[in-house]
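Written out below as structure tokens is the structure these notes cover.
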Amino acid sequence: MAVACFNPMLSPLVPAPPGRRRRAAFLRLRAAFLGPLACGAVGGSGRWRVAAAADPQAVQEQPARTEVSGVTGAAGPSEASSKLVLVVGGTGGVGQLVVASLLNRKIKSKLLLRDPEKAESLFGKQDESVLQVYKGDTRNPNDLDPQMFEGVTHVICCTGTTAFPSKRWDGDNTPERVDWDGIRNLVSALPQTIKRLVFVSSIGVTKYNEIPWSIMNLFGVLKYKKMAEDFVCNSGIPFTIIRPGRLTDGPYTSYDLNTLLKATAGERRAVVIGKGDKLVGEVSRLVVAEACIQALDIESTEGQIYEINSVKGEGPGTDSEKWKELFSSVQST
């Protein structure tokens, strides 16, 4: 991202609205509307369980280690050789986990970053045959040199900023510039040969005029994300849109690759998928990152928009068949 991907609804990275009265009102409304849906504390280790919003019954459990390192079902070299993934926002909360998992799977990747030096501090020195880093800012269309897209087969975009004014807005890093201008510029620059664009958005984007979402949208973050979604949908590029709930676990923005590869989703490994922007809750950044990577190759996710949460319990880990079953379970809802 250059900045962390986030869910503007409940993210701990998002500052409260300016003014004590507005903040108090915001907290009351958040508690009233979302408090009963909040899940338990994060902790522990084990497996993931698959669950779907359309069908609360768990799918058959599959043992899978939750660590990004040495996960069950990681892609082998032969599979990875046919894919070149561009990650935009690869040093943010979700993006860094996406990159770490791609490296662990030996999937060749490119990163588009405002500050390329962050890549080496997070992921170490990587051979260019494995990871290439390009300096660029999606807010500036002139930065999007066609050379950086050469050979790219898939794209994962997880850029974002805070919903309310904060230090992270410095340098014109507002929702309009990041979530709208940036996505529009990026998608416009992508070649039509891209096999799949996975775009990380947010729950609540279709309800930004409704309480409590309208409070989070005071500065337009949900509106601009929805505009970006529409632009992606009309781009002609095969896409999958992932709308996370409130993000938990991390961000691990000061960690190195070895630490990222040991990150776990604690007890929140059960994955809940929904459609129609009806899902409300929380989700582990690790689950979001895995969903993005899985969606690259699952045909049934093309042209689809999903909301995603995670709750206590077991989950699909990196088992592609379990993720296929999970995504397919809400296709008709």
Side-chain angles (χ1 to χ4, degrees), residues 1 5 48 64-113 116 118-120 122-134 136 147-159 186 190-191 193-200 237-240 242 252 255-265 285-302 316-324 327:
M1 296 177 185
C5 172
W48 292 2
R65 292 172 57 188
T66 58
E67 293 87 349
V68 181
S69 174
V71 285
T72 302
S78 60
E79 179 182 346
S81 63
S82 63
K83 190 184 303 177
L84 177 55
V85 181
L86 172 67
V87 182
V88 186
T91 59
V94 170
Q96 61 187 319
L97 295 168
V98 168
V99 176
S101 189
L102 290 172
L103 290 172
N104 190 56
R105 285 167 153 95
K106 297 180 174 58
I107 297 176
K108 294 183 291 185
S109 306
K110 291 186 177 184
L111 300 185
L112 174 59
L113 301 174
K118 287 185 178 180
E120 186 168 344
L122 276 172
F123 311 118
K125 187 71 173 178
Q126 300 289 335
D127 190 277
E128 286 195 359
S129 64
V130 176
L131 180 67
Q132 299 177 25
V133 182
Y134 292 84
Q147 181 180 355
M148 68 178 62
F149 304 119
E150 290 182 1
V152 171
T153 58
H154 300 75
V155 179
I156 297 176
C157 178
C158 34
T159 55
L186 172 67
L190 291 177
T193 54
I194 295 296
K195 295 181 179 180
R196 184 70 60 88
L197 164 62
V198 177
F199 172 51
V200 181
I237 296 174
F239 70 88
T240 303
I242 303 292
Y252 307 99
Y255 288 61
D256 60 15
L257 179 61
N258 289 331
T259 305
L260 291 173
L261 291 175
K262 296 176 183 177
T264 71
R285 286 177 170 86
L286 287 150
V287 170
V288 178
E290 185 63 32
C292 290
I293 293 173
Q294 292 289 340
L296 293 175
D297 295 318
I298 298 178
E299 291 185 8
S300 65
T301 66
E302 181 178 333
T318 58
D319 189 309
S320 296
E321 292 304 315
K322 294 298 179 183
W323 279 99
K324 286 179 183 178
F327 282 122

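Sequence positions, counted from 1, serve as the residue numbers for this chain. Everything numeric here is computed off the predicted structure, so don't read it as measured data.
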- Note on the structure: The reported gap from OG in S101 to CD1 in I107 (rounded to nearest 0.5 angstrom) is 7.5 Å
- Task: Measure across A295 and R196 and return the closest heavy-atom pair with its distance rounded to 0.1 Å.
- Result: O-NH1, 2.7 Å
- Evaluate the side-chain proximity of P191 to V152: yes if any heavy-atom separation is below 4.5 Å, no if none is. no
- Of all the heavy-atom pairs spanning G90 and L113, show the shortest one and how long it is. N-CD2, 3.8 Å
- Query: Does the pair V99 and S109 meet the rule for a side chain to side chain contact (heavy atoms under 4.5 Å, CB included), with working shown?
  - Reply: CA-CA 8 Å; V99 176; S109 306; 5.7 Å; no
- With E128 via side chain to side chain contact (heavy atoms under 4.5 Å, CB included) - residues at least two apart: Q132
- Query: So, T240 side chain and T301 main chain: donor-acceptor pair closer than 3.5 Å or not?
  - Reply: yes
- Can you name the nearest heavy-atom pair linking K322 to P316, along with the distance? CB-CB, 3.6 Å
- Might you point out which heavy atoms bring L296 and V155 nearest each other, and give the distance in Å? CD2-O, 4.3 Å
- Audit row: L111, F123, side chain to side chain contact (heavy atoms under 4.5 Å, CB included) steps and yes/no: CA-CA 11 Å; L111 300 185; F123 311 118; 3.8 Å; yes
- Heavy-atom closest contact (Q294 atom, S320 atom, distance): OE1-OG, 3.2 Å
- Note on the structure: Taken to the nearest 0.5 Å, the spacing of K108 NZ from D127 CG works out to 11.5 Å
- Non-neighbouring partners of K324 that pass salt bridge (Lys or Arg N to Asp or Glu O under 4.0 Å), sequence neighbours left out: E321
- Identified side-chain contact (heavy atoms from CB on, under 4.5 Å) partner of C157 from the options L190, L112, V198, V88: V88
- Task: Evaluate the side chain to side chain contact (heavy atoms under 4.5 Å, CB included) criterion for residues K110 and F149: first the C-alpha distance (whole Å), next the side-chain angles of each, then the deciding distance (0.1 Å), finally the verdict.
- Result: CA-CA 9 Å; K110 291 186 177 184; F149 304 119; over 6 Å; no
- Task: Find the distance between CG (L97) and CG (L102) and round it off to the nearest 0.5 Å.
- Result: 11.0 Å
- What residues form a ring pair (Phe, Tyr, Trp, His ring centres under 6.0 Å) with F327, not counting sequence neighbours? Y306, W323
- Considering all heavy atoms of both residues, which atom of A119 and which atom of T91 are nearest to each other, and what is their separation? N-CG2, 4.4 Å
- Message: Nearest 0.5 Å, please: how far is CG in L86 from CG in L197?
- Response: 9.5 Å
- Kindly compute the distance separating CG (L84) from CD1 (I194), expressed to the nearest 0.5 Å. 8.5 Å
- Message: Nearest 0.5 Å, please: how far is SG in C158 from CZ in R285?
- Response: 11.0 Å
- Task: Take K83 and H154 through the test side chain to side chain contact (heavy atoms under 4.5 Å, CB included) and record every step on the way to the result.
- Result: CA-CA 7 Å; K83 190 184 303 177; H154 300 75; 3.4 Å; yes
